[in-house]
Amino acid sequence: MTHPPASPTAAGPAAAGPGAYVIGVDSGGSGLRVALGRVGLPGPLATTVCAEPVRTGPGGIDAGHLLDQLLPAARELLERAAESSADGAPAGEDEAPVGEDEAPVGEVAALAIGAAGMATLGERLRAELPGALAYALGVRRLALAADAVTAYAGAVGQRPGAVVAGGTGMIALGTDLMEWHRADGWGHLLGDSGGGAWIGRAGLDAAMRAHDGRRGGSPALLDRLRAVFGPADELPGLLYPRSDRPAVLASFAPEVAACAGADPVAAGILRAAAGHIAEAAAAVCPTAARPAAAEPDDGGDELGEGGEVALTGGLFRMGEPLLAPLREELAHLLPGARVTSAEGDPLTGALRIARALAAGDLRLPRHPTMLFVPLEHATAQRVGTAARDEPRSG
């Protein structure tokens, strides 16, 4: 259970007006993405990409390396936005007028960062970023989130429900807007069941069984293994020395999907994956209707009895070979659940969190490692607010 947002007087600055700038950041294995937006406008004004992933060392995610990339990118976006406004560009013509009580042009009212590994490796970010971003950009409000949380915000918004984020790995995250519930996301050795690496490994196992003449083998997948990797008996030498083994395994998942229409072994792998994904979703999805006192969210209906499950990530681009059995499994485990495609990606989610924080309307549950709002956290400690902040697993 988590504590509610502190009042504007206690937590710091008053809610920002619609013309104030907000920044969303998505930090992952492929690099850093940054989006600039306005409180009163949907979507980003502009985005930029820093192709170098943020380093992780013995002390966790490197806060200095993140800042070295984020600050120049943020300043570039702010300068471009200021130039567009000065030039009377069409993007600025739809903006809400800026009143006297709103942030001046160039000031960042709120910033939200979603980062892979934030929950377990984000201690330096939580310790160093609040002061550094306040000094460098004048950030008035900051949220530091696990990438699963920004995936949730991008996929569902601020409604109760669940999201399954599937790529190389797989994690399910749900909330009733009181606390977070997580299932899986434990990496390819301990879990990520049904994710891309899991499917790819199962497909390669079936291919090697066919190579050996063992039961459960798939000649079709053996043919695909040879086409992708070369001779089957050379695969261990190619795979085991790689530091990116999960990604290599996941690269074979589309081959499994391509064979599923004609190969029962490949189809069985995808059905098993769908079962794992549905089990994770069922473990975290709140099934009760939205409390009567809750305010309606932008772009969402009341939560039905079966809940909402949004699917996001590259895993689901495999299409019907995976989605068809997944819908069947979800219908069995979560009768009446509304299965949707994600409204937006994790960068969209980070921008949404920043926008809601700036407007004083962040309704997603705070948590010390999953969704950390530093100023509110410090205020709660000063006034003695008790908070039970551990997420429930499953």
Side-chain angles (χ1 to χ4, degrees), residues 1-8 10-12 15 24 110-115 118-120 122 125-126 141-165 171-185 280-281 283-298 300 302-303 307-310 312 342-344 346 348-381 383 385-394:
M1 189 72 65
T2 54
H3 58 81
S7 67
L111 189 151
I113 298 174
M118 177 74 78
T120 54
L125 300 188
R126 292 185 287 271
R141 294 189 178 189
L142 174 67
L144 303 174
D147 58 342
V149 171
T150 51
Y152 184 97
V156 178
Q158 296 202 88
R159 299 187 299 273
V163 64
V164 178
I171 185 171
L173 191 69
T175 183
D176 53 6
L177 301 187
M178 298 295 290
E179 60 184 350
W180 292 105
H181 311 270
R182 168 185 173 167
D184 216 332
V284 303
C285 185
T287 56
R290 184 202 304 269
E295 297 179 5
D297 187 43
D298 51 347
E302 292 287 321
L303 182 69
E308 175 183 2
V309 179
T312 185
E343 295 176 356
T348 301
L351 197 58
R352 283 180 169 177
I353 290 172
R355 186 175 286 119
L357 187 62
D361 188 37
L362 182 58
R363 300 192 296 278
L364 295 176
R366 317 305 200 266
H367 184 272
T369 60
M370 295 186 71
L371 181 55
F372 178 56
V373 181
L375 187 56
E376 290 180 352
H377 181 76
T379 302
Q381 288 184 325
V383 300
T385 301
R388 291 173 290 164
D389 284 328
E390 286 303 312
R392 191 182 77 192
S393 273

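No hydrogens, no waters, no symmetry mates; every other heavy atom, side chains included, goes into these values.
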Does any N or O in the side chain of [X] come within less than 3.5 Å of the main-chain N or O of [Y], such that one atom is a donor and the other an acceptor?
| X | Y | result |
| --- | --- | --- |
| Arg352 | Gly154 | yes |
| Gln158 | Ala356 | no |
| Glu308 | Gly161 | no |
| Asp147 | Thr150 | no |
| Arg355 | Leu357 | no |

Of all heavy-atom pairs between [X] and [Y], which one has the smallest distance, and what is that distance?
| X | Y | answer |
| --- | --- | --- |
| Gly344 | Thr312 | O-OG1, 4.4 Å |
| Ile113 | Leu111 | CG1-CD2, 3.3 Å |
| Met118 | Ala146 | CB-CA, 3.7 Å |
| Leu173 | Ala148 | CD2-O, 3.5 Å |
| Leu364 | Gly157 | CD2-O, 3.8 Å |
| Tyr152 | Arg159 | OH-O, 2.6 Å |

Self-check item: Verdict with reasoning, Thr120 to Thr369, per side-chain contact (heavy atoms from CB on, under 4.5 Å)
Solution: CA-CA 7 Å; Thr120 54; Thr369 60; over 6 Å; no
Could you state the interatomic distance from [atom1] ([X]) to [atom2] ([Y]), rounded to the nearest 0.5 Å?
| X | Y | atom1 | atom2 | result |
| --- | --- | --- | --- | --- |
| Arg126 | Leu142 | CZ | CG | 11.5 Å |
| Met370 | Trp180 | CE | CH2 | 6.5 Å |
| Arg363 | Thr175 | CZ | OG1 | 12.0 Å |
| Glu343 | Thr348 | CD | OG1 | 9.5 Å |

Exercise. Could you please spell out the steps behind the side-chain contact (heavy atoms from CB on, under 4.5 Å) verdict for Ile171 and Arg182?
Key: CA-CA 7 Å; Ile171 185 171; Arg182 168 185 173 167; 3.7 Å; yes
Practice problem: Could you go through the side-chain contact (heavy atoms from CB on, under 4.5 Å) check for Leu362 and Arg141 one step at a time? | Solution: CA-CA 11 Å; Leu362 182 58; Arg141 294 189 178 189; over 6 Å; no
